[in-house]
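Presented below is the structure to which this report refers.
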Amino acid sequence: MNRSDPKKFRIKSFGCQMNVYDGERMSEMLVDQGMSSAGDGEDADLVVLNTCHIREKAAEKVYSDIGRLRDKDGNSPMIAVAGCVAQAEGKEISRRAPSVDIVVGPQAYHRLPGLIDRAKTGKKALDTDMPAASKFDVLPTRKKQARPTAFLTVQEGCDKFCTYCVVPYTRGAEISRPWSDLVNEAKALVDGGVKEITLLGQNVNAWTSEDDKGQMQGLDGLIRALDHIDGLERIRYTTSHPNDMTEALIAAHGEISALMPYLHLPVQSGSDRILKAMNRSHTTESYLGILSRMRKVRPDIAISGDFIVGFPGETDADFEETLAIVREANYAQAYSFKYSPRPGTPAATMEDQIAPDVMDERLQRLQSLLNEQQHDFNRTALGRQTDILLERNGKLDGQLVGKTPWLQSVHIIAPELAIGDMVDVTIESAGPNSLQGKVTRREAA
Ligand code: 5AD
Ligand code: SF4
């Protein structure tokens, strides 16, 4: 069956922020090709599912989403599966879901236009190559942005091979994008109205490249260069690995005011025995050492983390050590997950897989401690004056939602203000998940 030329597309990104970034780049590329993005409630004749493979639940979701795209007569729009499920499952996807037309991996999505052309002739199109030439060299330059915040992928892939994780297989080996490409992309984003950039990478703090003078630079050097871009008010980065946390990057937090006081530093477990089995290559002691050095240069820093409960062999005593490191680290915010065995990873075939009810109980205890810490952290903001960058409309009339430097959401009622404004507020109330504030001063226009 020949398919018509798709004119309207919709991209749905799941999983991590790197997928969000990839989704935005795909969208800009399709617009460049003459297509347009389907509005809310509008039908799309191309749907791109930009998928996540990190846990089983995320990976399985794509199949129910594909089913939902069928109309009452059994017809579907052109469907492309992109992202990490595409990379990991390849051809298997269209075997399991015959309505899928295109399967495209995270390193090949710049070739989507050619794949669409093939799909138009009724053939299945598959591209899960990891080509040597980078997609970044052919994607169109960044244009006017709809939001005041943007992601910028600086590093991709992972060489760490934690024993539970699919990322080294789906995203490939660690690569750092070149210095000048990143400085230029950041400038283009700021020209497009962006005030805050979050630098992204699976191991963002492993980023390294020569600068324009031939000097090797680490992430701290890149941040210093971006700090010189007029109009760029806030810089963030995520996700960092404890082993790549250099002293220079820690020091940068005490020196660069645009670098926000927030560090997402996954520890995964508080048991050194489990960290070893996970092949994390750091210890609880080295992790806590980083936090204390960071807090010396930036005492107000908000610490965030990731945790896995129920890794194979995790005993009650190991889990108690996880609770202990949480108490010691004192998180502003954190993500926690039940271990999910992933095909092809070493941990999936380890003995002593943990029973689901044990995992449930551990996750609940961990999350209740983390929620308590998050609420406590939010309460320390009460009465404080801070700037917030307004990012979206709230649910109420005249309500806007902005972020503090510590990445907390603040709701304000201010019909005279707009998304993209940076304003000073006083925090008046603090819930477990967000704050409320009153505007005290608006930035000079
Ligand atoms: N099971 C559960 N959680 C996982 N993560 C990565 N792989 C798995 C897995 N197999 C979590 C880690 C990582 C975050 C992005 O997802 O905590 O930091
Ligand atoms: Fe996965 Fe570990 Fe690499 Fe993070 S550092 S992406 S958890 S393998």
Side-chain angles (χ1 to χ4, degrees), residues 13-21 51-61 83-85 87-88 106-107 151 153-176 198 200-207 219 237-245 263-271 274-283 286-287 290 303-314 319 322 325-326 329 331 333-350 353-354 356 358-360 362-363 366-367 370:
S13 290
F14 305 92
C16 68
Q17 291 152 320
M18 301 196 58
N19 263 9
V20 175
Y21 174 84
T51 59
C52 172
H53 200 249
I54 198 97
R55 284 169 289 277
E56 189 181 358
K57 233 192 189 154
E60 283 301 310
K61 193 176 170 349
C84 292
V85 177
Q87 192 64 41
Q107 305 306 345
F151 293 131
T153 293
V154 303
Q155 179 280 337
E156 278 195 287
C158 184
D159 296 339
K160 303 280 191 296
F161 291 93
C162 298
T163 52
Y164 51 80
C165 186
V166 287
V167 167
Y169 313 97
T170 58
R171 290 268 172 176
E174 277 181 22
I175 62 114
S176 290
T198 302
L200 297 182
Q202 262 94 30
N203 281 291
V204 71
N205 56 343
W207 179 88
L219 191 66
Y237 60 93
T238 198
T239 290
S240 297
H241 190 285
N243 274 18
D244 295 315
M245 205 67 216
L263 175 67
H264 181 63
L265 195 66
V267 65
Q268 314 296 359
S269 166
S271 153
I274 294 294
L275 288 177
K276 197 150 185 247
M278 287 176 164
N279 193 30
R280 283 293 293 180
S281 62
H282 62 80
T283 61
S286 66
Y287 179 86
I290 295 167
I303 302 294
S304 159
D306 287 345
F307 294 88
I308 296 175
V309 300
F311 183 82
E314 185 187 73
F319 176 67
T322 295
I325 202 170
V326 170
Y331 289 91
Q333 199 265 335
Y335 303 91
S336 45
F337 312 99
K338 283 185 273 186
Y339 168 71
S340 168
R342 307 308 292 128
T345 60
T349 48
M350 284 180 185
Q353 299 282 328
I354 304 299
V358 175
M359 282 205 233
D360 284 337
R362 287 180 187 168
L363 187 67
L366 174 60
Q367 289 188 337
L370 289 168

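Each ligand, and each atom within it, is numbered from 1 in the order the structure gives.
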Item to check | In the protein, N/O/S atoms that are found under 2.8 Å from atom 3 (Fe) of ligand 2, waters not counted | outcome: C158 SG

Next on the checklist: What protein heavy atom lies closest to atom 7 (S) of ligand 2? Include the residue and the distance to one decimal.
Outcome noted: Y164 OH, 3.3 Å

Checklist outcome for this item: Pocket residues around ligand 1 (non-hydrogen, under 4.0 Å) come out as I54, R55, Y164, Q268, D306, I308, F337, K338, Y339, S340, R342

Item to check | Cation-pi check, R55 onto F337 ring (under 6.0 Å, within 45° of axis) | outcome: yes

Next on the checklist: Looking at Y335, I'd like to know if its OH atom is crowded, meaning that more than 12 non-hydrogen atoms belonging to other residues, nucleotides or ligands lie closer than 6.0 Å.
Outcome noted: no

Item to check | Exam field: side chain T239 to backbone Q202, donor-acceptor pair closer than 3.5 Å | outcome: no

Next on the checklist: Would you call the rings of Y287 and H282 parallel, tilted or perpendicular, taking 30° and 60° as the class edges?
Outcome noted: tilted

Checklist entry - Going through the distances and angles, do T163 and N279 end up as a side chain to side chain donor-acceptor pair (under 3.5 Å)? => result CA-CA 6 Å; T163 52; N279 193 30; over 6 Å; no

Checklist entry - Taking only residues two or more places apart in sequence, or in another chain, which ones meet F319 in a ring-ring contact (aromatic ring centres under 6.0 Å, His included)? => result none

Item to check | Side-chain (Q353) to main-chain (M350) donor-acceptor, under 3.5 angstrom | outcome: yes

Next on the checklist: Any side-chain to backbone donor/acceptor pair from Q155 onto W207? Under 3.5 Å, distance only.
Outcome noted: no

Item to check | With sequence neighbours excluded, residues passing salt bridge (Lys or Arg N to Asp or Glu O under 4.0 Å) with E56 | outcome: none

Checklist entry - To which protein heavy atom is atom 4 (Fe) of ligand 2 closest, and what is the distance rounded to 0.1 Å? => result R280 NH1, 4.4 Å

Item to check | Side chains of L200 and T238 in contact at under 4.5 Å (non-hydrogen atoms) | outcome: yes

